[in-house]
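The next block holds one structure in the form of structure tokens; read it before the comments.
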Amino acid sequence: MVSISVAKADDEEVTIHIPNLVKVFKDGSIERLQNSPLVPPSTLGSVSSKDVVISNNPSISARLYLPTKLIHHHDAHKVPILVYFHGGAFFFESAFNERHHNYFNLFLSKAEADILVVSVDYRLAPEIPLPAAYHDCWQALKWVASNDYDPWILNHGDFQRVFLGGDSAGANLVHNVALRAGAEALPNGVKVLGAFLSQPYFLSTKPIGSEAVEGHEESPPYVVWGLVYPNAPGGLDNPLINPLAPEAPSLATLGCSKIIVCVAEKDSLRDRGVWYYQAVKNSGWHGHLELYEAEHEDHVFNIHTPESENALKLMKRLAHFILH
């Protein structure tokens, strides 16, 4: 359960406590309970990585991953570009933490994926509340599309095969950036070819599927939205969190040609992913749409246990989606 205004033994008042996720104190300080350590870029066998600055104001950066075999071959074949937005409920995790660093080293090596990954480090709430992260991720995609100076992107990126991808809150970011790509032109005529939304974080005032009818607005996903976007117009029916809200853009305008939605059987957000898939399917969107379900798994299992059998299966499925 979510606790509001509880007192710590040392008399520091906690105004919001979402177990295993976050404590917010009366003085405005934040204790994030699930962050993994930050790690530097590296060359680990078959995968190399490096960090780049996308913007100094606002502060946006990214970690790039590329199969090592391609780095010193400027005439190598061009590979798809995956612009990835990490999860973490909009308020924790980083493109530079150990969890995501390990994930992409495994993704490119175990799935044997010749892909250039741009893992975006956007600004986090509640210090920088939403909608800032949406703007940051759009700027990161524009940076990729206009890039003519980073050697990895310039020499190895195939701008005819640009993909978006993300897990949980990152999948929510993917949806909203894809909508914007359908409404606004990217630099140099670049188009987003496809997108994957893995265990997406969507909500609405009205519960769906297996969600509790009573008290659902007190559950962690709902309380998190109030934390990261406290003044969201429409609250839980803001189009950024509810893609079927009355004011939401038509899903038929999603700016890509193929989408895969991935859900996990035991995830409390599973039904939201299926709900989104069905909504896109019925929207009139003219693209290729797939639904993938991982059996016996919980939320973002693929990030937390990337070497598990089902995580490796999902990596290979996503690599196939991008490469074929």
Side-chain angles (χ1 to χ4, degrees), residues 18-22 32-39 44 47 63 65 82 84-113 115 117 119-120 163-175 194-203 208-212 219-225 241 259-277 290-322:
I18 306 175
N20 301 317
L21 288 178
V22 66
R32 293 171 169 88
L33 304 177
Q34 282 202 24
N35 274 344
S36 61
L38 299 180
V39 296
L44 294 175
V47 180
R63 179 158 294 176
Y65 298 84
L82 169 61
Y84 178 84
F85 310 133
H86 68 79
F90 299 107
F91 70 84
F92 70 98
E93 295 288 27
S94 165
F96 307 131
N97 68 16
E98 185 177 44
R99 189 173 289 136
H100 286 93
H101 185 76
N102 291 342
Y103 175 79
F104 278 114
N105 279 305
L106 284 168
F107 177 70
L108 294 186
S109 59
K110 296 293 186 180
E112 299 179 349
I115 296 169
V117 177
S119 181
V120 178
F163 288 79
L164 302 175
D167 290 86
S168 191
N172 174 298
L173 288 162
V174 167
H175 160 74
F196 75 76
L197 294 85
S198 181
Q199 302 146 83
Y201 174 38
F202 294 123
L203 300 172
I208 64 160
S210 61
E211 294 174 354
S219 66
Y222 288 80
V223 176
V224 163
W225 182 246
I241 193 68
I259 294 172
I260 184 169
V261 181
C262 306
V263 299
E265 181 184 10
K266 295 183 178 181
D267 183 6
S268 63
L269 291 173
R270 175 205 176 270
D271 291 351
R272 286 288 172 182
V274 177
W275 171 79
Y276 177 79
Y277 164 81
E290 301 178 44
L291 178 67
Y292 177 97
E293 181 163 12
E295 296 181 345
H296 314 302
E297 297 291 356
D298 211 330
H299 193 60
V300 291
F301 72 95
N302 52 314
I303 304 296
H304 289 286
T305 57
E307 297 191 72
S308 67
E309 180 180 357
N310 280 340
L312 293 172
K313 284 182 180 178
L314 179 55
M315 286 181 195
K316 292 179 179 178
R317 183 67 193 85
L318 293 175
H320 184 272
F321 172 79
I322 293 170

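Positions are given from 1, in the same order as the sequence printed here.
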Exercise for review: Taking atom CD of Gln34 as the centre, report whether more than 12 heavy atoms of other residues, nucleotides or ligands fall under 6.0 Å from it.
Suggested key: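 Check passes, neighbour count above 12.
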Exercise for review: Take atom CD of Glu307 as the centre, draw a 6.0 Å sphere, and report whether it contains more than 12 heavy atoms from other residues, nucleotides or ligands.
Suggested key: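 Incorrect, the count does not exceed 12.
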Backbone N/O of [Y] and side chain of [X]: donor-acceptor pair under 3.5 Å:
X: Glu98; Y: Ser36; value: no
X: Asn35; Y: Glu93; value: yes
X: Glu265; Y: His296; value: yes
X: Asp267; Y: Val300; value: no

Provide the closest heavy-atom pair for [X] versus [Y] in the form atom of the first, atom of the second, distance.
X: Ile115; Y: Ile322; answer: CD1-CG2, 3.8 Å
X: Ala95; Y: Tyr65; answer: O-OH, 4.2 Å
X: Leu82; Y: Phe196; answer: CD1-CE2, 3.8 Å
X: Ala111; Y: Met315; answer: CB-O, 4.0 Å
X: Leu197; Y: Ala171; answer: CD2-O, 3.3 Å
X: Ala195; Y: Val174; answer: CB-CG1, 3.8 Å

So how far is it from [X] [atom1] to [Y] [atom2], rounded to the nearest 0.5 Å?
X: Arg270; Y: Cys262; atom1: CZ; atom2: SG; result: 13.0 Å
X: Asn310; Y: Glu297; atom1: CG; atom2: CD; result: 4.5 Å
X: His299; Y: His304; atom1: NE2; atom2: NE2; result: 7.5 Å
X: Ile303; Y: Ser168; atom1: CD1; atom2: OG; result: 10.0 Å
X: Leu106; Y: His101; atom1: CG; atom2: NE2; result: 10.0 Å

Side-chain contact, heavy-atom cut-off 4.5 Å: [X] with [Y]?
X: Asn172; Y: Phe85; value: no
X: Val22; Y: Phe92; value: no
X: Val261; Y: Leu291; value: yes
X: Leu33; Y: Leu21; value: no
X: Ser198; Y: Leu314; value: yes
X: Val39; Y: Arg63; value: yes

Practice item. Apply side chain to side chain contact (heavy atoms under 4.5 Å, CB included) to the pair Phe91 and Val224, showing each step before the final yes or no. Key: CA-CA 9 Å; Phe91 70 84; Val224 163; 4.0 Å; yes
Can you say whether the rings of [X] and [Y] are parallel (under 30°), tilted (30 to 60°) or perpendicular (over 60°)?
X: Phe90; Y: Tyr201; value: tilted
X: Tyr103; Y: Phe107; value: parallel
X: His86; Y: His100; value: tilted

Review point. For Ile208, what residues pass the side chain to side chain contact (heavy atoms under 4.5 Å, CB included) criterion, not counting sequence neighbours?
Key: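 Partners of Ile208 by the side chain to side chain contact (heavy atoms under 4.5 Å, CB included) criterion, ordered by chain and then number, come out as Glu211, Asp271, Arg272, Trp275.
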Point to revise | Check: Tyr292 ring centroid to Phe321 ring centroid under 6.0 Å | key: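 No, they do not, as the ring centres are separated by 6.0 Å or more.
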Check your understanding: Does the pair Lys266 and Phe301 meet the rule for a side chain to side chain contact (heavy atoms under 4.5 Å, CB included), with working shown?
Key -> CA-CA 10 Å; Lys266 295 183 178 181; Phe301 72 95; over 6 Å; no
**Study point:** side chain to side chain contact (heavy atoms under 4.5 Å, CB included) assessment of Tyr84 paired with Asp167
**Key:** CA-CA 9 Å; Tyr84 178 84; Asp167 290 86; 2.6 Å; yes
Exercise for review: Apply side chain to side chain contact (heavy atoms under 4.5 Å, CB included) to the pair Arg317 and Ile260, showing each step before the final yes or no.
Suggested key: CA-CA 10 Å; Arg317 183 67 193 85; Ile260 184 169; 4.2 Å; yes
